[in-house]
J.: 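This is the structure, below, for whatever I ask next.
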Amino acid sequence: VVTYSVAVDACARAGGPTAVDQAFELVDEMQKYGLEPNIVTYNSLIHACARAKRTDMAFQVLNQMKMAGVTPDIVTLCSLVDACGRAGQIDSAFMAIRTLPREFPSLSPNVPAYNALIHACFKAQNINRMHDALQDMQDRSLQPNVVTFSTLISAYAACGEIERATATLRKMREVGIKPNRMTFTSIIAAYGQRGEVDLAMAMLDEAKRSCGEPDEELYTASLVAAVGGGRKELAMKVSKEMDRAGYVVP
RNA sequence: UAUACAGA
């Protein structure tokens with residue numbers, strides 16, 4: 001069962017429609033051998049559906065597991081919310097996070113589940129619902145983590161709300177959560193969009209100090225900011241660093 | 001360390 005679950009998970013990671021089909025075939029196959037999928041197998045299968053944006057299949061798997069007497073857990077819930085989010089179905093995402101815990105009282109939405117919900121709203125470009133999700137999370141006394149804050153910052157960056165993005169960065173620091181490379185990438189993208197190249201470069205320096213060597217995404221965001229702001233010298237400098245770090249300069 | 005969430 002573990003072997004098959006690992007294989008199903010590999011399909012989930014591979015992503016895409018072909019991979020989901022393979023994942024379902026694997027589950028059929030294990031059942032032919034008399035092996036019953038367990039919670040991890042089912043959760044991996046739902047994850048594969050999520051990555052393929054197949055919300056319908058994800059909920060079919062949920063029904064299948066209920067029929068088999070396997071009780072959904074918090075990973076199941078998070079994956080289902082994520083599936084709805086990837087497919088742009090935010091109403092379904094809110095419904096899942098509200099109704100599943102009613103059906104299964106052992107289920108209580110956790111921070112990753114709310115993060116998936118917040119990200120769903122972000123992808124649907126619905127800031128109001130994103131704030132609803134955040135509020136629900138706080139009403140449950142769940143503390144936002146680095147993923148929550150980074151998601152919020154990306155969302156604000158995406159809609160040009162740079163003040164909110166920086167305010168969120170400030171707040172996360174106040175509560176003692178250290179921004180990571182992803183967080184810095186989003187903030188730099190926000191500054192880049194606004195043409196605030198110097199502020200973007202200051203954040204790059206800070207990222208280096210607190211997170212070590214930047215990764216490709218972080219460098220790219222910085223480079224895009226410098227180029228977008230027409231700052232050739234800075235763009236050259238970042239390109240050089242990027243090249244020296246072994247990344248292909250876009 | 002078999003499964004879930006973030007980098008316009």
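Computed from a prediction, not measured in an experiment: that's the story for all the values here. Per chain, numbering begins at 1; letters A, B, ... match sequence-line order.
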J.: Quick check for you: to the nearest 0.5 Å, what is the distance between A:Leu134 atom CG and A:Asp139 atom CG?
T.: 9.5 Å

J.: A:Leu107 has an atom CG; how far is it from atom C1' of B:rA4, in whole Å?
T.: 13 Å

J.: Categorize A:Ser79 for me: base, sugar-phosphate, or nothing, with a 4.0 angstrom heavy-atom threshold over every strand shown.
T.: sugar-phosphate

J.: In whole Å, what is the span from the CG atom of A:Asn115 to the C1' atom of B:rG7?
T.: 14 Å

J.: Keeping to residues at least two apart or across chains, list the ring pair (Phe, Tyr, Trp, His ring centres under 6.0 Å) pairs with something in residues 37-89 of chain A.
T.: none

J.: If you round to the nearest 0.5 Å, how far is CZ of A:Arg102 from CG of A:Leu100?
T.: 11.0 Å

J.: Could you go through residues 201-208 of chain A and list every donor-acceptor pair under 3.5 Å that involves a side-chain atom there, pairing it with any protein atom two or more places apart or in another chain?
T.:
unit_1   : atom_1 : unit_2   : atom_2 : d
A:Glu206 : OE2    : A:Arg173 : NH2    : 2.2
A:Lys208 : NZ     : A:Glu241 : OE1    : 2.8
A:Lys208 : NZ     : A:Glu241 : OE2    : 3.4

J.: Taking CG from A:Leu117 and P from B:rC5, how many angstroms apart are they, rounded to a whole number?
T.: 15 Å

J.: Starting from P on B:rG7, measure out to CG on A:Leu218 and report it in whole angstrom.
T.: 15 Å

J.: Rounded to whole Å, please give me the gap between CZ in A:Arg13 and C1' in B:rU3.
T.: 8 Å

J.: Could you tell me how far apart A:Ile97 (CD1) and B:rA4 (C1') are, to the nearest whole angstrom?
T.: 12 Å

J.: Check this one for me: any side-chain N or O of A:Arg86 less than 4.0 Å away from OP1 or OP2 of B:rC5?
T.: yes

J.: Mind checking if A:Val6 touches a base, just sugar-phosphate, or nothing, with heavy atoms under 4.0 Å?
T.: sugar-phosphate

J.: Using whole Å, what does the distance between atom C1' of nucleotide B:rG7 and atom CD of A:Glu217 come to?
T.: 7 Å

J.: So, does A:Arg181 use its side chain to make a donor-acceptor pair with the main chain of A:Leu218 at under 3.5 Å?
T.: no

J.: Could you check whether the side chain of A:Thr185 and the base of B:rG7 have a donor-acceptor pair of N or O atoms closer than 3.5 Å, going by distance alone?
T.: yes

J.: When you check the gap from the basic side-chain N to the acidic O, do A:Arg194 and A:Glu163 get nearer than 4.0 Å?
T.: yes

J.: Scan side-chain atoms only and decide if A:Tyr247 and A:Glu217 contain a donor-acceptor pair under the 3.5 Å cut-off.
T.: no

J.: Could you list the residues that satisfy salt bridge (Lys or Arg N to Asp or Glu O under 4.0 Å) with A:Asp91, not counting sequence neighbours?
T.: A:Arg129

J.: Do any of residues 132-153 of chain A sit with a heavy atom less than 4.0 Å from RNA chain B, and if so which?
T.: A:Val147, A:Ser150, A:Thr151

J.: Going by number, which of residues 29-58 of chain A have a non-hydrogen atom under 4.0 Å from RNA chain B?
T.: A:Asn38, A:Val40, A:Asn43, A:Ser44, A:His47

J.: Can you tell me how far apart NE2 (A:His131) and CG (A:Asn126) are? Round to the nearest 0.5 Å.
T.: 10.0 Å

J.: Find the distance A:Ile187:CD1 to B:rG7:P and express it as a whole number of Å.
T.: 15 Å

J.: Counting only heavy atoms and a strict 4.0 angstrom limit, can you tell me which residues of residues 159-184 of chain A come near RNA chain B?
T.: A:Asn180, A:Arg181, A:Met182

J.: Enter the distance from A:Asp56:CG to A:Cys49:SG here, rounded to the nearest 0.5 Å.
T.: 8.0 Å

J.: Indicate yes or no: does A:Asp9 engage A:Arg13 in a salt bridge with an N to O separation below 4.0 Å.
T.: yes

J.: Assigning hydrophobic clusters by single linkage (Ile, Leu, Val, Met, Phe, Trp, Tyr; side-chain heavy-atom cutoff under 4.5 Å), is A:Ile74 placed with A:Val81?
T.: yes

